[in-house]
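Along the sequence shown, the residues carry numbers beginning at 1. Any value given below was found using the heavy atoms of this structure, including those in side chains, with hydrogens, waters and symmetry copies removed.
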Amino acid sequence: MKDLIINRRSIRKYTNYKISKEELTKIIDESLKAPSSNNLQPLKLLVIDSDEAKRTLKTIMPMNQLQLETSSQLVLIFGDTLKYERAEELFKLAHEAGKMPLELIERHLTKFRTQQIDPTDAKHIASLHLDAGLFAMNFMTLARYYGYDTCAIGGFNKDLANEAFKIDSRYVPILLISIGKKDDEGYDSYRLPASIVADFI
């Protein structure tokens with residue numbers, strides 16, 4: 001596990017190996033074990049798999065063309081600004097799976113009903129970015145576990161993403177991740193040590 005994290009690099013060029021839908025679905029399923037605020041799991045994922053979908057993505061991604069052209073797939077991560085509307089349905093599924101008692105469900109739902117939630121509020125949007133980041137790190141680590149590599153991409157036109165892919169405006173685009181079999185070694189980037197960024201108090 002340590003090697004998967006310590007030696008991860010951003011890969012921009014991939015071979016022509018195509019990851020199967022079944023295997024990529026498995027990687028996504030396992031990545032979705034990531035924690036999220038109130039366990040509301042507010043992500044929507046769009047897997048850019050076909051040549052047509054890649055052509056659409058190209059219209060909103062002027063840079064990072066090597067990843068676009070050579071990756072097996074790219075995963076576009078959205079966050080649901082109306083995540084609380086799904087809470088009751090989600091908690092019902094959790095209860096049916098034996099994961100959430102009814103009293104806990106009612107306590108959470110009561111709390112949500114009393115909250116004044118603005119879906120455009122900066123703190124609310126920031127929580128979606130946090131949840132997306134937790135999923136993304138899981139996804140990139142698990143990709144390496146299964147023999148693949150990735151590159152996290154923020155360089156695409158987020159203002160046009162929903163329109164390009166006909167995605168409801170309740171979902172905000174956050175991050176794009178390319179995945180595939182690496183065809184280069186990437187760059188061994190410098191990272192600041194804990195002695196600089198961590199304070200013990």
(message) I'd like to know if E23 and K18 make a salt bridge, using a cut-off of under 4.0 Å between side-chain N and carboxylate O.
(response) no
(message) side chain to side chain contact (heavy atoms under 4.5 Å, CB included), that's the test. Do L68 and K54 meet it? Break it down for me.
(response) CA-CA 7 Å; L68 174 63; K54 283 193 172 186; 4.0 Å; yes
How far apart are the closest heavy atoms of [X] and [Y], and which atoms are they?
X    : Y    : value
N64  : G155 : ND2-O, 3.4 Å
K158 : G154 : NZ-O, 2.7 Å
D131 : P35  : OD1-O, 4.4 Å
I153 : F156 : O-CE2, 3.7 Å
L109 : A87  : CD2-CB, 4.0 Å
F135 : S31  : CE1-CB, 3.4 Å

[X] atom [atom1]: more than 12 heavy-atom contacts under 6.0 Å:
X    : atom1 : result
Y190 : OH    : yes
Q115 : CD    : yes
D29  : CG    : yes
Y145 : OH    : no

Do [X] and [Y] belong to the same hydrophobic cluster, where Ile, Leu, Val, Met, Phe, Trp and Tyr are linked whenever their side-chain heavy atoms lie under 4.5 Å apart, directly or via other members?
X    : Y    : result
L4   : L134 : no
L82  : L128 : no
M63  : M61  : no
L102 : L90  : yes
L176 : F78  : yes

(request) Check the pair N38, K111 against side chain to side chain donor-acceptor pair (under 3.5 Å), reporting the backbone distance first and the verdict last. (result) CA-CA 11 Å; N38 289 306; K111 179 179 71 172; 3.2 Å; yes
Hey, does [Y] have a side-chain heavy atom less than 4.5 Å from the side chain of [X]?
X    : Y    : answer
I105 : K92  : no
I177 : L74  : no
I77  : F139 : no
L24  : V47  : yes
V75  : L46  : no
K83  : H124 : yes
E185 : R9   : yes
C151 : I11  : no

(request) Just do the side chain to side chain contact (heavy atoms under 4.5 Å, CB included) check on T70 and D183 with the steps written out, would you? (result) CA-CA 9 Å; T70 65; D183 198 28; over 6 Å; no
Any chance you could measure [X], atom [atom1], to [Y], atom [atom2], to the nearest 0.5 Å?
X    : Y    : atom1 : atom2 : result
E69  : S178 : CD    : OG    : 12.5 Å
T59  : E163 : OG1   : CD    : 9.5 Å
Y148 : S72  : OH    : OG    : 7.5 Å
I48  : L45  : CD1   : CG    : 11.0 Å
I28  : K21  : CD1   : NZ    : 10.5 Å
E30  : T141 : CD    : OG1   : 12.5 Å

(request) Establish, yes or no, whether the cationic atom of K181 lies under 6.0 Å from the six-membered ring centre of Y14 and within 45° of the ring axis. (result) no
(message) When you measure from the centre of the six-membered ring of Y171, is the NZ or CZ of K44 closer than 6.0 Å and no more than 45° off the axis?
(response) yes
(message) Determine whether H108 and Y84 satisfy the following criterion, side chain to side chain contact (heavy atoms under 4.5 Å, CB included), listing intermediate values before the conclusion.
(response) CA-CA 10 Å; H108 275 300; Y84 291 100; over 6 Å; no
(request) Go through the side-chain N and O atoms of Q41 and N39 and say whether any donor and acceptor fall under 3.5 Å apart. (result) yes
(request) Scan K182, R8, R12 and name whichever one has a side chain to side chain contact (heavy atoms under 4.5 Å, CB included) with D149. (result) K182
(request) Just do the side chain to side chain contact (heavy atoms under 4.5 Å, CB included) check on F91 and L40 with the steps written out, would you? (result) CA-CA 9 Å; F91 293 163; L40 286 174; 3.9 Å; yes
(request) With salt bridge (Lys or Arg N to Asp or Glu O under 4.0 Å) as the test, would you mind laying out the steps for D80 and R170 before giving the verdict? (result) CA-CA 6 Å; D80 186 359; R170 68 183 283 168; 2.8 Å; yes
(request) Using the side chain to side chain donor-acceptor pair (under 3.5 Å) rule, take T110 and E106 through it: C-alpha gap first, then chi angles, then the decisive distance, then the call. (result) CA-CA 6 Å; T110 299; E106 188 53 39; 3.2 Å; yes
